[in-house]
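Remember, it's 1-based here, ligands and their atoms both numbered in the order they're listed. The basis for the numbers below is simple: all heavy atoms, side chains too, and nothing from hydrogens, waters or symmetry mates.
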Amino acid sequence: MAQDGFLPYPKGFATAAIHHAHDPENWNSMAVIPPIVTSTTFKQNGPAEYEKYDYSRSGNPTRDVLQAVLAKLDNAKYALAFSSGLGATTALLGMLSSGDHIVIGDDIYGGTNRLLNQVMARFNIKMTFTDLTDISNLEKSIEPNTKLVWLESPTNPTMKVVDIKAAAAIAKRHNILLVVDNTFLTPYLQRPLDLGADLTIYSISKYMNGHGDVIMGSIATNNEEIYQKLKFLQNAMGIIPAPFDCYQVNRGLKTLALRMQKHNENCRLVGEFLERHSKVEKVLHPGLPSHPQYELFKKQASGHSGTFSMYLKGGLEESRTFLKAVKVFTLAESLGGYESLIELPSLMTHASVPSDLRKQLGISDSLIRLSVGLEDPEDLIADLDQALKKLEE
Ligand SMILES: C=C(NCc1c(COP(=O)(O)O)cnc(C)c1O)C(=O)O
């Protein structure tokens with residue numbers, strides 16, 4: 001059962017993740033598990049006369065199985081896989097032309113901010129960063145040359161929630177595409193296309209693969225024209241994943257439903273423990289009633305994942321002491337794996353965000369982001385408790 005008051009978990013999701021596009025009749029071997037096709041090239045019947053595949057960058061059978069499953073899980077017609085989440089972002093931004101404008105939620109992954117500000121800006125892509133939790137800021141930021149609205153919800157790392165339906169309605173009214181980066185929740189907990197978004201993008205490297213051993217990205221959409229443009233860019237820009245990685249991610253998806261339920265449960269227990277702790281200033285967890293947008297979050301999600309943030313009392317010294325003391329949690333970047341991770345965005349994942357924006361967003365040296373994994377929650381809580389006790393020494 002989904003958490004009280006949230007949307008129900010999607011029916012048939014686990015069955016689709018396991019069986020969709022997996023008919024053994026699809027391949028001569030009748031293998032139950034889709035074969036891994038590592039061949040870089042495929043024999044042709046005559047010059048430019050071939051069945052479906054000519055060169056693995058342009059198309060690959062193992063990648064196609066993964067893309068079919070990814071589309072199904074997002075209730076989408078189409079999905080494409082890329083070499084990384086930022087690779088998918090690069091392909092998506094590759095649809096823009098010099099002079100185009102995009103409106104972006106102010107709180108986004110540091111690497112996405114870096115790609116926009118330090119690369120795309122050099123190609124004369126104009127951008128407005130704004131706080132989309134106040135949805136009136138979206139309308140105010142739209143200009144005649146605006147082509148994309150880009151948002152995360154919840155946001156990385158301050159966990160702000162954006163009203164996706166409202167953003168989609170405004171984007172549609174202005175004939176602008178809405179992209180939602182759904183990395184933090186996956187389509188099991190939130191389905192942006194069903195809420196009106198035109199595209200949803202993922203760092204597959206996180207929960208979708210879920211095993212901390214693949215870097216990959218993906219985009220899903222129902223828009224045929226956009227799909228064809230992105231498929232062209234996937235090949236023309238060469239931003240493709242390896243067949244073996246596609247096999248690993250396809251395998252990871254088979255337990256996505258189970259893993260997200262357990263991340264949801266573990267993360268609530270850890271968040272509630274930290275909320276009660278004297279050394280914790282504030283917890284930012286959209287799945288807890290204390291979050292300012294808890295009611296909105298329940299309307300657009302089936303629950304929260306394992307990633308949330310908190311403000312520790314004190315400054316950088318206290319954060320360093322605490323982060324060096326954890327033992328079950330690992331101090332490292334990334335999130336969404338079965339192993340629990342913990343990090344300091346100001347010096348790690350969001351170090352490339354301009355300091356004035358970090359200050360404005362509250363990404364201080366006291367803001368700590370946790371990715372609660374699938375370990376026994378008692379062990380996770382005991383680990384945080386012993387590390388917090390170091391602040392009393
Ligand atoms: C590595 C981290 N984030 C990657 C990320 C990316 C980039 O994905 P990569 O697969 O790392 O290229 C895109 N969108 C979001 C919301 C992300 O969190 C991190 O936040 O620790």
Atom 10 (O) of ligand 1 - nearest protein heavy atom and its distance:
Ser205 OG, 2.7 Å

Give yes if a backbone or side-chain nitrogen or oxygen of Leu86 is under 3.5 Å from a nitrogen or oxygen of ligand 1, and no if not.
yes

Using a plain distance cutoff, I'd like to know if Leu335 has any nitrogen or oxygen under 3.5 Å from a nitrogen or oxygen of ligand 1.
no

At the 4.0 Å heavy-atom cut-off, does Met348 count as touching ligand 1?
no

Is there any N or O on Thr112 that sits under 3.5 Å from an N or O of ligand 1?
no

Please determine if Glu333 has a nitrogen or oxygen closer than 3.5 Å to a nitrogen or oxygen of ligand 1.
no

Residue selection (non-hydrogen contact nearest atom 17 (C) of ligand 1) among Tyr202, Tyr109, Phe82, Phe184
Tyr109

Test applied, side chain to side chain contact (heavy atoms under 4.5 Å, CB included); reference residue, Ser141; option that passes from Leu132, Val149, Thr130
Thr130

Would you check if the distance from the ring center of Phe42 to the ring center of Tyr55 is below 6.0 Å?
no

What is the closest protein heavy atom to atom 4 (C) of ligand 1, and at what distance does it sit?
Lys206 NZ, 3.1 Å

As an exercise, identify every atom of ligand 1 less than 4.0 angstrom from a heavy atom of Thr349.
19 (C), 20 (O), 21 (O)

Over all atoms of both residues, closest heavy-atom pair of Ser371 and Leu335
OG-CA, 3.4 Å

Quick check: Phe244 with Tyr247 (ring centres under 6.0 Å apart)?
yes

Which atoms form the tightest heavy-atom contact between Trp150 and Leu92, and what is the distance?
CZ3-CD1, 3.9 Å

Please verify the inter-ring angle class for Tyr9 with Tyr188; under 30° counts as parallel, over 60° as perpendicular, anything in between as tilted.
parallel

What about Asp181: any of its N or O atoms under 3.5 Å from an N or O on ligand 1?
yes

For atom 18 (O) of ligand 1, what is the nearest protein heavy atom, given as residue, atom name and distance?
Asn156 ND2, 3.1 Å

Minimum distance, heavy atoms only, to atom 19 (C) of ligand 1: which one of Arg369, Met208, His350, Glu343 is it?
Arg369

Quick note on ligand 1: atoms under 4.0 Å from a heavy atom of Thr183 include exactly 14 (N), 15 (C), 16 (C)

Given the side-chain rings of His291 and Phe297, with only the six-membered ring counted for Trp, is the space between their centroids under 6.0 Å?
no

Taking only heavy atoms of Met216 into account, list the atoms of ligand 1 that are under 4.0 Å away from them.
10 (O)

In terms of heavy-atom contacts, Gly110 and Val353 come closest through CA-CG2, 3.8 Å

Judged by modelled atom types alone, do Asp194 and Asn75 share a side-chain donor-acceptor pair under 3.5 Å?
yes

Element-labelled atoms of ligand 1 that are located less than 4.0 Å from some non-hydrogen atom of Ser84:
10 (O), 12 (O)

Does Gly111 have a heavy atom less than 4.0 Å from any atom of ligand 1?
no

Sub-4.0 Å atoms of ligand 1 with respect to non-hydrogen atoms of Glu152
16 (C)

Shortest non-hydrogen contact from Ser340 toward Glu375
OG-OE1, 2.7 Å

Write out the residue and atom name of the closest protein heavy atom to atom 9 (P) of ligand 1, then the distance separating them to 0.1 Å.
Gly85 N, 3.4 Å

In terms of heavy-atom contacts, Ser352 and Arg114 come closest through OG-CB, 3.8 Å

